[in-house]
Structure formats: structure tokens, C-alpha cells
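Letters A, B, ... are given to chains in the order of the sequence lines, protein chains preceding strands, and every chain is numbered from 1. Since this is a predicted model, take the numbers as computed values, not measurements.
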Amino acid sequence: MKLHINGENVEVPSSISSVTELLAHFELQDKVVIVELNHDILQKENHAQTNVSDGDRIEIVHFVGGG
Amino acid sequence: MSDRYSRQTLFTPIGEKGQELISRKHVLLIGAGALGTGNAEALVRAGIGKLTIVDRDYVEWSNLQRQQLYHEADAANRMPKAIAAEKRLKEINSEVNVVAHVMDVTTEEIEQLVQGVDLILDATDNFDTRLLVNDISQKYQIPWIYGACVGSYGLSYTIFPGKTPCLNCLLETVPLGGATCDTVGIISPAVQMVVAYQMTEALKILVEDEEALRNKLVSFDLWKNQHTAINVNRAKKESCKSCGSHPTYPYLSAGSHTKTAVLCGRNTVQIRPPEPKKLHLDQLAETLKKQGGEIDLNPFLLNFKMGDHRMVIFKDGRVLVHGTKDIAEAKNLYHRYMG
Ligand SMILES: [Zn+2]
């Protein structure tokens, strides 16, 4: 499956169906993240039931503490 | 001296009028690490009226790769970061009123620090302090600018009370230590990129050009060539305890700050006395010497090495216990030597 993530074309396994699975794929499952799917910001509680499909534009920002 | 700011005033969105505004503003900068030194230098060069800089730590050799105000002597002498930064900043621009505090910022300190402040810049390394800053910003309606970085990644967001969501809205939960304790290193361009984002937004706020604010959560990874900006306005929550319709400012209540803290990625525990003290470090040095330890002293702190352990004791009574992440062990050492 081809996704457009943070401005880049990225190929991810087609077994990934939800936003939660996508975050796990990028090892972001333990991070606090903000996800935008096709220009719509998602509520965190909806990550598990929100599906991703071929061609989606996704923006992912994760919070870090360093400074 | 008269054309000191000429390249900045020639820039139309600032101009002479903007420069005049900048010269009357007071910025509170919390943290004097990588982001702190970058932002501080930029603000002072830009001619900020007053800069208050606060930090709880001292300069170490591993800081010199990216913390731009410090040099080798600061690391060799273990100078408190706030003091070393103040000295260098005054050399860069003697017209700026630079005020430095060597202290840990919690509820009591922040209430004092924000008096008369126009903007708060975040250069801390932890979410406890950021959420404290977030609450005080809402309570007194002072904008603040979040910035953070790790590896080649960084992000920033400008919180404008009454207009944007706050950090509490965006996070929902406090990130756990493990997920944000950054032990993967950092390259200096990631720092500089966050500083550039923070400082540009700061200049817009200082010259009162609110229209120009970015209004987006921005992040980048310089090594992976990624960049993203998200409009997060929809994340603002009416029910938010920090910025909603019935705020309680949960992070300003005294109980939420413990007297001990494990410093992220540092194998170090900080212990604060219940009340700040005014220690006589030279007397303490004599006492500790009698117990057989190795002592180094500068006017601001005492470095004490005994066997496998090392403690750094500040004048205000704070102690950094190095070589452990175990709070119980650190407390044990603290009480053994500090009574
Ligand atoms: Zn909020």
C-alpha cells in the first residue's frame, strides 16, 4: 500500500488497516501523537477504528521532551 | 552602535516601530540547554529589552557540541548554565537587561518569574515543567512557544491563550518518562531548526504581528528529509482543565511537583529541600572533606566525589546525585552526607 506520509511517498505492508496499526509500524505506539488523515485531524480515541487506504495523505507529529 | 539593528529594521514586518516594541519587551526563557542558549543568543542579538533566563543545571563537556553559549572553561569549572549564559549574553549585547536564576522551576517559582513577562519561551527538557508553563500561561494570558528536539527530529507550537488550543489539549495525557527520556542523541542542526521556528514566532509576537503567526503544529526530521505542519485548532477542548471554560490549572497545584526527580537520560536524580536554603558552600566543603571525599568548589556549587558516587550541591540546597536513577538510593546518599 502506498501512503503519502509527512510529505513523502511511503510503501507500507498491506496488512496495515488502521491508524493504530500504522503507528505501531513506525514504532510510535508509545508516543503521544497527533495524526491528520486527508487534511482532517483525528481524535485519539478514533485511531483504532479509523482505516487507512492506498493513496491516503497522512501527517504524523509525535511529541518529544528533549531540548 | 546606532546601526546595530539596521538589518532587522530594514526588514519591513519589523521596521523601526517593531524594533522599538522589541526593546520594551520582557521574555522569560525556561531552560538554558541547547534550545535555551540558541534562543537566548538570538533574542539578545535582536535587542530584547529584558531577558530572564532560568536553569537548574551546570555545564558539562557533553553540552559543548550544541549549547552555543558555553565554552571549555565553563565545563571544566562546572559553571551553572544560567550564570555562564548570562556572562556570555552580556558580552554579546550590553544594552540588554539579562537576569539569570539558578533554580528549579516549580509552582512557587513560576508565579514570581512571570510577573511583567510578555512571552515565555520553552527550552526545558521535560513535560512536567512544560505543563506548569502551560497553566501559568493560561492563568495570566501570556503566550508561550513550545519547542523540543531529539536526534534529527524536532517540533514546535505557539500557544496563544484565548486563540489556540493549549499543550494540555494536544497531549491529553502526560507522556511517560520512558517514551520521552531521550537517549538517542541529538545533532545541532535539529536544535537550530527548532530555535529558528521558536524565534521567528517570538519576533512576530514581540512586534505584535499576530496575523503572521504560523498557527500550525510543525515538525521535521532533517535526516529523513521530512517536514509536516498540522492545523490543530480542532483539538481545542471546552473541557480542558488548563484552557477550557472552567479552568483549574491542575499543574499549578503544589502537590503535583515532587521534591525528587529523575533527570531524563542522565542517570541522575535531583533532590530539593522542602524550602530553598542559602548554604555556605565553603563550610560544607570542610565538613565533607573530613568524611574523606574529593571536593571541587566554585562560587555557585560544590562537587563532591566519594567512592562510586558523585553529588553536586547548589547554594539553594538542591543536590544532583549522579550515577543512579534510583530515587531511594539517591535519597539515601543525600541524607548520609547532607543530614
Ligand atoms: Zn487546553
Q | Closest non-hydrogen atom pair, Arg130(B) against Val64(A) | A | NH1-O, 4.2 Å
Q: Locate the shortest heavy-atom distance separating Ile34(A) from Val232(B); write the atom from each residue and the value.
A: CG2-CG1, 4.1 Å
Q | Crowding at NZ, Lys236(B) (>12 non-hydrogen neighbours, <6.0 Å) | A | yes
Q. Of the backbone (N, CA, C, O) and the side chain (C-beta and beyond), which part of Tyr146(B) lies under 4.5 Å from a heavy atom of chain A, both, or neither?
A. side chain
(Q) On a heavy-atom basis, which atom in Leu171(B) and which in Lys44(A) lie closest, and how many Å separate them? (A) O-CE, 3.9 Å
**Q.** Gln49(A) atom CD, neighbour heavy-atom count above 12 within 6.0 Å
**A.** yes
Q: Find the distance between CG (Asn6(A)) and CD1 (Ile230(B)) and round it off to the nearest 0.5 Å.
A: 7.5 Å
Q.
Within the structure provided, determine whether Phe63(A) and Leu170(B) are in side-chain contact (heavy-atom separation under 4.5 Å).
A. yes
Q: Select, from Ile186(B), Val218(B), Asn225(B), Leu155(B), the one with the greatest count of heavy-atom pairs under 4.5 Å involving chain A.
A: Leu155(B)
(Q) If you count heavy atoms of other groups shown closer than 6.0 angstrom to NZ of Lys241(B), is the number above 12? (A) no
Q) Between Tyr153(B) and chain A, which part of the residue has a heavy atom less than 4.5 Å away: side chain, backbone, both or neither? A) side chain
Q. Hey, what do you get for CD1 (Ile41(A)) to CG (Asn231(B)), rounding to the nearest 0.5 Å?
A. 7.5 Å
Q. Are more than 12 heavy atoms from other residues, nucleotides or ligands located less than 6.0 Å from atom CH2 of Trp223(B)?
A. no
Q: Select one option (side chain, backbone, both, neither) describing which atoms of Ile30(B) are under 4.5 Å from chain A's heavy atoms.
A: neither
Q: Heavy-atom distances under 4.5 Å only: say whether Glu8(A) touches chain B with side chain, backbone, both or neither.
A: side chain
(Q) Looking at every non-hydrogen atom in both residues, tell me the closest pair between Ala148(B) and Gly65(A) and how far apart they are. (A) CB-C, 4.3 Å
**Q.** Contact leader toward chain A among Leu217(B), Asn126(B), Val194(B), Asp221(B), where contacts are heavy-atom pairs under 4.5 Å
**A.** Leu217(B)
**Q.** Side-chain donor or acceptor of Arg234(B) paired with backbone N/O of Asp40(A) under 3.5 Å
**A.** no
Q. Does any heavy atom of chain A fall under 4.5 Å from the side chain of Ala123(B), the backbone, both, or neither of them?
A. backbone
Q: For chain B, find which of His62(A), His39(A), Glu36(A) contributes the most heavy-atom pairs closer than 4.5 angstrom.
A: His62(A)
